[in-house]
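Quick caveat: nothing in here was measured; it's all calculated off a predicted structure. What you see below is based on every heavy atom in this structure, not just the backbone, and it leaves out hydrogens, waters and symmetry mates.
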Amino acid sequence: MPVINWVRNHKYIFVTIVFLAIVLVIDDNNMFKHIKNQRAISELEDEIAQMKRDSVDIMMKQAELEGNGDIGAVEKLARDKYGMHKDNEEVFVIVETDEDN
């Protein structure tokens, strides 16, 4: 009975507490989901920025490969990135090791 008496005497406070509980915890769009969504948005914005930087790099490489019509740039890219070589070439790979032992 003391709880019921308190609610009767403080009905505005009780309604406010119930409203805040619904909005902050119980509702489908509660505060926890809001914080989680804001974190996801921030991560996605960082990913978008990284992809834009990568896109600029790719466009510059594409312009370099297409722009001057020089086959040397294509050969350089194939040799550096993919380890390709001509049929009559020998490729030597130098591996450095630590000899601190």
Side-chain angles (χ1 to χ4, degrees):
M1 291 305 217
V3 174
I4 295 174
N5 288 334
W6 186 87
V7 171
R8 283 184 190 159
N9 294 332
H10 302 94
K11 55 187 158 195
Y12 297 111
I13 295 174
F14 177 73
V15 169
T16 304
I17 291 171
V18 169
F19 173 76
L20 289 175
I22 290 171
V23 170
L24 296 177
V25 180
I26 299 171
D27 190 32
D28 286 339
N29 297 319
N30 62 31
M31 195 64 147
F32 301 114
K33 286 185 182 180
H34 179 72
I35 292 170
K36 184 175 123 182
N37 288 340
Q38 288 298 326
R39 189 175 298 129
I41 287 171
S42 176
E43 290 173 1
L44 290 173
E45 286 174 346
D46 292 344
E47 188 176 335
I48 288 171
Q50 178 63 36
M51 287 184 177
K52 284 182 180 180
R53 287 191 296 271
D54 292 345
S55 175
V56 169
D57 290 343
I58 290 171
M59 287 173 27
M60 288 175 53
K61 285 180 184 177
Q62 182 181 9
E64 178 184 334
L65 293 175
E66 292 177 350
N68 55 12
D70 183 22
I71 195 70
V74 176
E75 284 184 8
K76 181 178 184 287
L77 179 67
R79 290 170 187 262
D80 292 344
K81 188 168 184 176
Y82 300 109
M84 295 182 161
H85 59 87
K86 294 180 182 177
D87 289 336
N88 58 357
E89 276 186 331
E90 291 183 21
V91 177
F92 297 98
V93 179
I94 300 172
V95 179
E96 296 181 16
T97 59
D98 293 334
E99 297 193 18
D100 294 337
N101 296 335

A.B. asks: Linking I/L/V/M/F/W/Y whenever their side-chain heavy atoms sit closer than 4.5 Å, directly or via other members, would V15 and I22 fall into one cluster?
C.D. replies: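 Hydrophobic grouping puts V15 apart from I22.
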
A.B. asks: Whether the D46 and Q50 side chains hold a donor-acceptor pair (N or O, under 3.5 Å, no angle test) is what I'd like checked.
C.D. replies: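 Note: D46 and Q50 side chains miss the donor-acceptor criterion.
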
A.B. asks: Is there a chain of hydrophobic side chains (I, L, V, M, F, W, Y, each step under 4.5 Å between heavy atoms) that links I4 to W6?
C.D. replies: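 I4 and W6: separate clusters.
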
A.B. asks: So which heavy atom on N30 is nearest to which on L24, and how close?
C.D. replies: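 Looking at all heavy atoms of both residues, the shortest contact is CB-O, 3.4 Å.
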
A.B. asks: Looking at CG of N29 and CE of M31, how far apart are the two atoms once the value is rounded to the nearest 0.5 Å?
C.D. replies: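 Here the rounded value is 12.0 Å.
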
A.B. asks: Does the side chain of I48 come within less than 4.5 Å of K52's, by heavy atoms?
C.D. replies: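 Sidechains of I48 and K52: in contact.
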
A.B. asks: Please report the interatomic distance CG(D54) to CD(E47), rounded to the nearest 0.5 Å.
C.D. replies: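 Result: 10.5 Å between the selected atoms.
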
A.B. asks: Tell me whether I17 shares a hydrophobic cluster with V7, the cluster being built from Ile, Leu, Val, Met, Phe, Trp, Tyr side chains joined at under 4.5 Å.
C.D. replies: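 Yes, same cluster.
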
A.B. asks: Using a 4.5 Å cut-off on heavy atoms from C-beta on, say whether the side chain of F14 contacts that of V3.
C.D. replies: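 Counting from C-beta outward, V3 and F14 never come under 4.5 Å.
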
A.B. asks: Can you tell which of K33, Q38, R39 makes a side chain to side chain contact (heavy atoms under 4.5 Å, CB included) with I35?
C.D. replies: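 For I35, the side chain to side chain contact (heavy atoms under 4.5 Å, CB included) check succeeds only for R39.
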
